[in-house]
Participant: 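Once you've had a glance at the structure underneath, I'll fire off some questions.
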Amino acid sequence: MAVIAVDTPGGQYDVRIGAGLLAEVATLCAPLLRKREAVIVTDSNVARAWRAPVEVSFAAAGIATHWYELPAGEGSKNWAQLGALLEWLLAREVERGDTILALGGGMVGDITGLAASLLKRGCRFIQLPTTLLAQVDSSVGGKTAVNMGAGKNLVGAFHQPALVLADLTALDTLPSRELRSGYAEVVKYGILGDAAFFAWCEDHAANVLAGDAAAREHAVATSVAAKARIVGEDERETSGARALLNLGHTFGHALEAETGFSDRLLHGEGVALGMVLAARFSALRGLMGKADAERIAVHIASVGLPAEISSLGLTCDGQALAAHMLHDKKMDAGTLPFVLLRGIGEAFLDRSVSLAEVAAFLGGQLAR
Ligand code: GLY
């Protein structure tokens, strides 16, 4: 098992990564539970696979469990579900000193974390991420949110978990498209700040996706260690360090918006293609070599993630795609900061990019 310490002004905690952690969940969480009971939020899909083993672990430790099941899917990450969850937690008489457990992917972690930040002005929560994307990104760093009519993740809070248990066994039952989508966030850490890790990904992505235990542990632990370093430096995304985690997200957001935030393009797929676009745009601006930008595209395509906009079958032009960026929550006083690359492993934040320039570039990509 790998243990990564996260140290932020908002909280210090461990991220434990290994196979079989959910079978030991009661023992690992017990030090954080004040009562002989555990309040667990999950969703209907995750419950089917993981409720029974988690219940067995708590029962063996003499700890009763109380379950709240959200309907599976990103559609549940909304204000109404947040309100209903809070009412349930209050009816259960969860106290400020209690700890709520979030068992599931990003949707469960984000809404439960936000509920924990609000309940009685804030109580502790534990992240038990069951998807690759949640294990390497959303469960670490304390971003919590729900989606609003005006856009994704627009209402939220920074609220650090008290513990994260990433059970690699949970990845065994993930649909392969979801696994690949989560892998985009793994290779992101190499592209943005660690050329050696990117090279490792080129050599080992197939092993990670095929279920090789050592490769999975290395991929998740290296990703979490990178994220821990970044959020330790810039918990609230004020100095610019944390903004680098948005590599590929601005281009990806435009593509997700154009495809209606639907399963035509999963979030990680949008990020994967977005990273290719950020690299090609950086090359066009003379910041990085074209060969390195194409090396990224080749790797993304080699794992079955989209590397060409043309694969999406869009009918819009570059201007319409760029227009989606105006609604990006990263807009700052009329400018949109872009994460660009000076090379593989050398991301930086560029505030000088104009939307007209991006629109022209996207027009060229659509025509490729
Ligand atoms: N997913 C980006 C961040 O946690 O800052």
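Start at 1 and go down the list; that is how both ligands and their atoms are numbered.
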Participant: Considering only Ile, Leu, Val, Met, Phe, Trp and Tyr, and joining two whenever side-chain heavy atoms are under 4.5 Å apart, list the other residues clustered with L89.
Facilitator: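 L89 clusters with V39, V41, Y68, L70, W79, L82, L85, L86, W88, L90, V94, I100, M107, V108, I111, L114, L118, L119, F125, V146, M148, L154, V155.
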Participant: Can you produce the list of protein nitrogen or oxygen atoms under 3.5 Å from a nitrogen or oxygen of ligand 1, alongside each distance?
Facilitator:
unit_1, atom_1, unit_2, atom_2, d
ligand 1, 1 (N), D137, OD1, 3.0
ligand 1, 1 (N), D137, OD2, 3.1
ligand 1, 4 (O), K227, NZ, 2.5
ligand 1, 4 (O), R242, NH2, 2.8
ligand 1, 5 (O), K143, NZ, 2.9
ligand 1, 5 (O), R242, NE, 2.7
ligand 1, 5 (O), R242, NH2, 3.4

Participant: Under the 3.5 angstrom rule, does the side chain of S117 hit a backbone N or O of H159 as a donor-acceptor pair?
Facilitator: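 No, S117 side chain to H159 backbone: no donor-acceptor pair under 3.5 Å.
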Participant: Tell me who clusters with F261, hydrophobic residues only, linked when side chains sit under 4.5 Å apart either directly or through other members.
Facilitator: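 So far as hydrophobic clustering goes, F261 is joined with none.
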Participant: Return yes if some donor-acceptor pair links the side-chain N/O of H253 with the main-chain N/O of H249 below 3.5 Å, else return no.
Facilitator: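 Flag not set: sc H253 to bb H249 has no pair under 3.5 Å.
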Participant: Following the transitive rule for hydrophobic clusters with a side-chain heavy-atom cut-off under 4.5 Å over Ile, Leu, Val, Met, Phe, Trp and Tyr, establish whether V186 and V140 coincide in one cluster.
Facilitator: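 Linked within one cluster.
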Participant: Who are the side chain to side chain donor-acceptor pair (under 3.5 Å) partners of N147, not counting sequence neighbours?
Facilitator: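 N147 satisfies side chain to side chain donor-acceptor pair (under 3.5 Å) with E74 once adjacent residues are dropped.
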